[in-house]
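Each chain gets a letter, A, B and so on, in the order the sequences are listed, and its residues count up from 1.
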There are 4 protein chains.
Amino acid sequence: MTTPRKSLSSTTRRNEASRRAILTAAFELVQEVGYAKLSIEGIAARAGVGKQTIYRWWPSKGAVLFDAFLMLAEQSDGEGTGLPDTGDLEADLKAVLRATVEELNDPRYDEPMRALNTEITHDPALAALYAERLDGPMRELKKQRLRSAQRAGQLAGDLDLDVAVDMLWGPLLNRWLQRTGALTADYADSIVETALNGLRPRRRMAGQATENAERRILRP
Amino acid sequence: MTTPRKSLSSTTRRNEASRRAILTAAFELVQEVGYAKLSIEGIAARAGVGKQTIYRWWPSKGAVLFDAFLMLAEQSDGEGTGLPDTGDLEADLKAVLRATVEELNDPRYDEPMRALNTEITHDPALAALYAERLDGPMRELKKQRLRSAQRAGQLAGDLDLDVAVDMLWGPLLNRWLQRTGALTADYADSIVETALNGLRPRRRMAGQATENAERRILRP
Amino acid sequence: MTTPRKSLSSTTRRNEASRRAILTAAFELVQEVGYAKLSIEGIAARAGVGKQTIYRWWPSKGAVLFDAFLMLAEQSDGEGTGLPDTGDLEADLKAVLRATVEELNDPRYDEPMRALNTEITHDPALAALYAERLDGPMRELKKQRLRSAQRAGQLAGDLDLDVAVDMLWGPLLNRWLQRTGALTADYADSIVETALNGLRPRRRMAGQATENAERRILRP
Amino acid sequence: MTTPRKSLSSTTRRNEASRRAILTAAFELVQEVGYAKLSIEGIAARAGVGKQTIYRWWPSKGAVLFDAFLMLAEQSDGEGTGLPDTGDLEADLKAVLRATVEELNDPRYDEPMRALNTEITHDPALAALYAERLDGPMRELKKQRLRSAQRAGQLAGDLDLDVAVDMLWGPLLNRWLQRTGALTADYADSIVETALNGLRPRRRMAGQATENAERRILRP
DNA sequence: GGATAACCGAGACGGTACGTCCGGTCTTACC
DNA sequence: GGTAAGACCGGACGTACCGTCTCGGTTATCC
């Protein structure tokens, strides 16, 4: 389940081509046939690989799936090293959450991600790995953006950024996993707005009141 | 998957004892052996029932699990018909979320609930049923409490109560499902506080404002 | 491995069609692909049957093979209930041994019989069954013929008939199994003659000559 | 499968130590775990040898086994270069067959020999090799002893010695391979006596009695 | 109140996948 | 170039369950 860089001194005679074929096959298969019908045998067949080659290197179906995501993540590394930071926190967060919504709705990722979540929920070891390798780095980027906003005085100074991240992405992911409702851009916006302002009524203040007043005028 | 009351006009010759035995067996088994090793055959054996009796009445393993929860829910109906309403919204919500945390941490419910969530995430039909029969009623109670607070001016007047519910329970459930961190009472409290106040700095009025003013002086 | 006659009170819900299909497939397969490549999986596939159905009723590949022969034997029961008894022991034995030679040389039986012998040689339990159900009855028929000859004074009075049977068929079977030489009708004849007369030189005697003389007259 | 003496001009870089380790391991393993569970991998592991080294030098598992016997035979060469020849054919044969019985009953040789026979019965090429290298020389020794008896007039002059050998050892080997009955010294004796005298009644005659009488005189 | 039909337990059945073992080939690093 | 080590593709093992299908044996209702 480790991801050996060939540059390391490791003397493993592992076949890199097989490894990639397996991860690709796993990802494609789960998206085609769904989690319930995903089988090691199927993955091996699709990858043109002996079953033993899978069992030799991964302890479980979930671990394969996890590595498949890891491979994907590494490929798209460097793409965007960080959340957008235009200075407008609300807009930036809305943009990011809308992107998340789109990804979750994307049929290429929907099933695979549900599958990964299922594995994680039933396997603490895998969950730890997930926290370390996938969720962790992502969460760090999110917290960076929030920290920047916090420094700019746009977020409460005593805010626990982990809680903040949960507050923003938790509702979204939960609605997606439990299928409690449709995942739309509007919903993402609502989450951001409500999370930022809180559930309590906000006494309008100078600047803010003005801003809102303006908008009410512009879009009655 | 229907839950026939025998008092209804239904002319089903269904054996109520078998039905209960199956649901009980399913719930107990999933909690003992885990989701991955839960099998229809195991349920039938434990319930002392023929496999066909399960296949006759339920379309899937998930449906059995769902009904098991439904049975549980009905048993504890009337227990508390509504969330506590002491007038102190924050305290009431903290109490409820702490209770949720305890339930999710309870080894009797942890695995079964994860299993149910897994089934729901992979089966839209089941998810719809879940929304209608289990989540729906629960959510209604939550919204009632929030509505009451809203009427009392403790919540924003234009607040979307569904979003509010998501904002409060979403982070909790997501952290639990993804095992992103420990579920503690403190965490529940943080969620409630942060959700109510929002992520943005609150210009406290009167005393609060002073505090912020002070801080601004201290850390310019 | 038992061979249930449906007439028995047995309440087994065993599928007779599957049973026959399995035995037929096993026999045909071993003769087509050879013992080394005979697999339970192959038998199941050829018989159109689940593997479990084989494992449910037979403890080993050898047991299936054994039952296949048993089925064959039962089909050809009644065909010849006993060895030929023309009064001419030597001729009768030669006829029977020549028939055995032909059977062993028959490509339809060669491989299957080698396979059965292999299983027997490595599995005492199977060997016991073989002795009881297949070899036993056959051997009884052979001994009957010899007994008849013994009563007619054509065989030594103190002859152990089991040894006699071994003496006649043992060399043949051994040469076949060990491939020590070709199995021909001539070889069968040699065995019979040598076994009857013994290895020692025989002085011709009155009586014997007479007997032969008489027969030469009766059947020129 | 060849058995290269290093003294030969062969320029093979073959590792003699590995060769012996493999043959020894094969022999020991088959006797410990039985023919069915004998595997190339197991042999390689036990011999501390790479699998390839086996595949490089032997075409099949049976060939390894065969060579293992060959090695054994060569070690005990010179031991007894010929069957005992006391002049008393019957006694000599009984002694030899009893020795054979003991060898077949010896747990050290039983399984290995059954295994070799199995390989031979299913592999004509191996059988040819067996006939040439193992059975052939042995048979020649047997025939020598019989020839000697034949010259002494103790065996029929027109006797086919190959048939005679089969007549003596065939019943024994067949009973052993097919497990038709226990292999005892008594059984060996019966075979010898019956084979020598034949199945037919023997009218004792002057000459024979004389012969015996004479012998009693010569070797009291 | 006897017929009859749906339901029940049991479990055999044709299948699919499991996780393991081994066959035979190929590669790597050593000697 | 032979060797120990062992990864690799593939095929079979024996087991566990799937979902379907009989099989007798209760019920429970309807004639």
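- Ranked by how close their nearest DNA chain E nucleotide is to the 5' end, L38(A) and K61(D) are led by L38(A).
- Summarising the geometry, the separation between OH on Y35(D) and C1' on dC22(E) is reported as 14 Å, rounded to the nearest angstrom.
- At whole-Å resolution of the value, CZ in R14(C) and C1' in dC21(F) are 18 Å apart.
- dG19(E) atom P lies 15 Å from atom CH2 of W58(A), rounded to whole Å.
- In terms of position on DNA chain F, the residue among S39(B) and V49(A) whose nearest nucleotide sits closer to the 5' end is V49(A).
- Residue W57(C) places no side-chain N or O under 4.0 Å from the OP1 or OP2 atom of dA12(E).
- For R14(A) and W58(A), the positive end sits near the middle of the six-membered ring, less than 6.0 Å away and at most 45° from its axis.
- With hydrogens and angles ignored, no donor-acceptor pair under 3.5 angstrom links the side chain of R13(A) to the base of dA7(F).
- The backbone N or O of M113(D) lies less than 3.5 Å from a partner atom in the side chain of N117(D), making a donor-acceptor pair.
- Remark: S18(A) is in phosphate contact with dC9(F), judged by side-chain N or O atoms under 4.0 Å from OP1 or OP2.
- The CD1-C1' distance, from I40(D) to dC21(E), rounds to 14 Å in whole Å.
- We find that CG of N15(B) is positioned 9 Å from P of dT27(F), with the value rounded to whole Å.
- Atom pair E41(B):CD and dC13(E):P shows a separation of 14 Å (rounding to whole Å applied).
- Here dA7(F) is the nucleotide among dC7(E), dC18(F), dA7(F) with the atom lying nearest to any side-chain atom of K51(D).
- Distance from the side chain of Y55(D) is smallest to dG24(E) among dC8(F), dG6(F), dG24(E).
- Taking 4.0 angstrom as the limit, T53(D) places none of its side-chain polar atoms (N or O) nearer than this to OP1 or OP2 of dG2(F).
- Going from atom CD1 of I54(B) over to atom P of dA10(E) covers 12 Å, rounded to whole Å.
- Along DNA chain F, the nucleotide nearest G50(A) and the nucleotide nearest G48(D) are compared for position; the residue whose nucleotide lies closer to the 5' end is G48(D).
- Judged by the 6.0 Å distance and 45° axis criteria, K61(B) is positioned over the aromatic ring of Y35(B).
- Residues K37(A) and R56(C) both approach DNA chain E. Their nearest nucleotides, taken by heavy-atom distance, put R56(C) toward the 5′ side.
- E28(B) and R108(B) are not joined by a salt bridge, as no carboxylate oxygen comes within less than 4.0 angstrom of a charged side-chain nitrogen.
- Taking only side-chain atoms of Q52(A), from C-beta outward, the nucleotide of dC22(E), dA12(E), dA12(F) with the closest atom is dC22(E).
- R19(C) places its CZ atom 16 Å from the C1' atom of dA12(E), with the value rounded to the nearest Å.
- Between Y130(C) and F69(C), the distance from one ring center to the other does not fall under 6.0 angstrom.
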